[in-house]
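Each ligand, and each atom within it, is numbered from 1 in the order the structure gives.
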Amino acid sequence: MPGEERLTRRASAAAICWSTIFLGGALTAMLLLSPSELGTGQPQVAPKIPRPMWRGVNLGNALEAPYEGAWGVILREEYFRLIREVGFDTVRIPIRWSAHAEATPPYAIDERFFRRVDWAIDQALKHGLTAIINVHHYDELVADPEGHRERFLALWDQIARRYVDRPGTLLFELLNEPHNRLTAPLWNQLLAQALRVVRQTNPTRWVVIGPADWNHVRSLPTLELPKDDPYILVTFHYYEPFPFTHQGAAWVPGSMAWLGTKWEGRQEEKQAIERDLDFAVLWAQQHDRPLFLGEFGAYSRADLPSRVRWTEFVARQAEARGIPWCYWEFCSGFGIYDPRAQRWREELLRALIPLP
Ligand code: BGC
């Protein structure tokens with residue numbers, strides 16, 4: 001499991017000097033809702049996401065495990081149907097391509113695995129969901145960015161070619177949570193190269209990119225994006241306060257000591273979250289980029305009332321600022337769906353998607 005260095009993202013985030021920012025009022029939703037010409041023609045000055053994507057869920061612990069099933073989740077057709085039925089419009093599908101590709105040139109991706117991903121994408125699209133596929137848990141890349149650069153780019157070349165004919169409601173996300181030796185300067189170089197590779201075949205597909213240091217919200221200022229590419233959706237992840245959301249998480253050293261941490265929804269707890277989201281909005285306004293909260297969630301070792309309060313607060317605050325979101329995750333340790341009982345965890349589901 002990941003997260004050996006998860007703590008470092010908190011530490012380095014705290015080191016970023018920032019001032020308190022209150023924006024009041026929502027960010028004009030840059031993703032608003034018009035159909036678009038994505039997939040055809042030249043880049044527009046102000047491109048629009050092809051379909052509203054406001055509320056999504058991560059299909060975590062399936063295709064980004066060392067092999068599908070290794071972490072207890074095998075994707076099923078009914079999951080896509082259920083997700084759509086309760087009102088989500090988006091799924092993010094994390095994928096560990098690096099475990100299914102050759103180690104040497106041409107770094108060919110295993111055809112069977114490719115077919116499995118085809119299936120997952122097509123299920124999402126068939127059920128009317130926007131689909132985001134990414135490169136997830138490429139641990140060798142973050143440990144040795146230079147040594148794996150060529151392979152990373154070759155993976156994107158293959159993925160981009162494979163899905164060139166899929167509609168604009170398929171989005172590519174270059175890399176989940178760059179960290180470790182993939183520092184901000186190296187990541188900024190690498191993302192530009194990967195984007196160039198994708199653009200050779202997919203000139204106007206939306207590409208999701210987040211900052212180094214685990215896609216942390218406070219790391220947004222380190223992100224440098226190619227200025228001439230308007231089809232970039234900027235992502236960040238939100239797990240603050242980390243000792244609350246990751247208490248008892250086996251992959252986070254020291255997190256057992258956090259067990260029992262609650263989130264009561266007190267004023268200062270709420271304000272800390274509002275400040276972080278306002279920070280993201282200000283960055284987005286200054287850089288004229290749309291935002292996407294690609295992961296947030298609280299692990300199941302926290303008490304349920306706290307999880308429900310926190311989840312609802314983050315989701316509503318993101319929405320109030322025009323930031324679409326994807327909850328982490330569907331049916332595993334953070335899950336909103338209980339796959340054994342084949343039932344939604346109603347309180348968490350309603351925290352995300354309130355009844356009308
Ligand atoms: C990781 C997951 C982890 C989650 C919360 C994700 O980015 O890929 O494995 O459970 O963050 O820590």
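- Residue His136 touches ligand 1 through its side chain alone, judged by heavy-atom distances below 4.0 Å.
- When atom types are taken as modelled, the side chain of Thr245 and the backbone of Tyr239 share a donor-acceptor pair closer than 3.5 angstrom.
- Proximity to Glu177 (heavy-atom distance under 4.0 Å) selects the following atoms of ligand 1: 7 (O).
- Put simply, part of His137 is less than 4.0 Å from ligand 1, judged by heavy atoms.
- One finds a salt bridge joining Glu78 and Arg76 here, because a Lys/Arg side-chain nitrogen approaches an Asp/Glu carboxylate oxygen to under 4.0 Å.
- The side-chain tip of Arg116 points at the ring of Trp119 from less than 6.0 angstrom away and within 45° of straight on.
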Notebook entry, point to check: Asn215 and Glu295: side chain to side chain contact (heavy atoms under 4.5 Å, CB included), yes or no, with the steps?
Noted result: CA-CA 9 Å; Asn215 294 156; Glu295 287 187 15; over 6 Å; no
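- Heavy atoms of Tyr299 found under 4.0 angstrom from ligand 1: none, in either backbone or side chain.
- Neither the backbone nor the side chain of Glu64 comes within contact range of ligand 1; no heavy atom lies under 4.0 Å.
- Of the charged side-chain nitrogens involved, none lies within less than 4.0 Å of a carboxylate oxygen, so that Glu268 and Arg275 do not count as a salt-bridged pair.
- Against a heavy-atom cut-off of under 4.0 Å, Glu295 is close to the following atoms of ligand 1: 6 (C), 7 (O), 11 (O).
- Ligand 1 lies within reach of Phe334, whose nearest heavy atom is under 4.0 Å from it.
- Note on ligand 1: His246 sits in its first shell, one or more heavy atoms being nearer than 4.0 Å.
- Note: Phe330 and Trp344 meet the aromatic proximity criterion, with ring centroids under 6.0 Å apart.
- If you look at Asn176 next to ligand 1, the close heavy atoms, those under 4.0 Å, all belong to the side chain.
- A donor-acceptor pair under 3.5 Å links the side-chain atoms of Glu64 to the main chain of Ala62, judged by distance alone.
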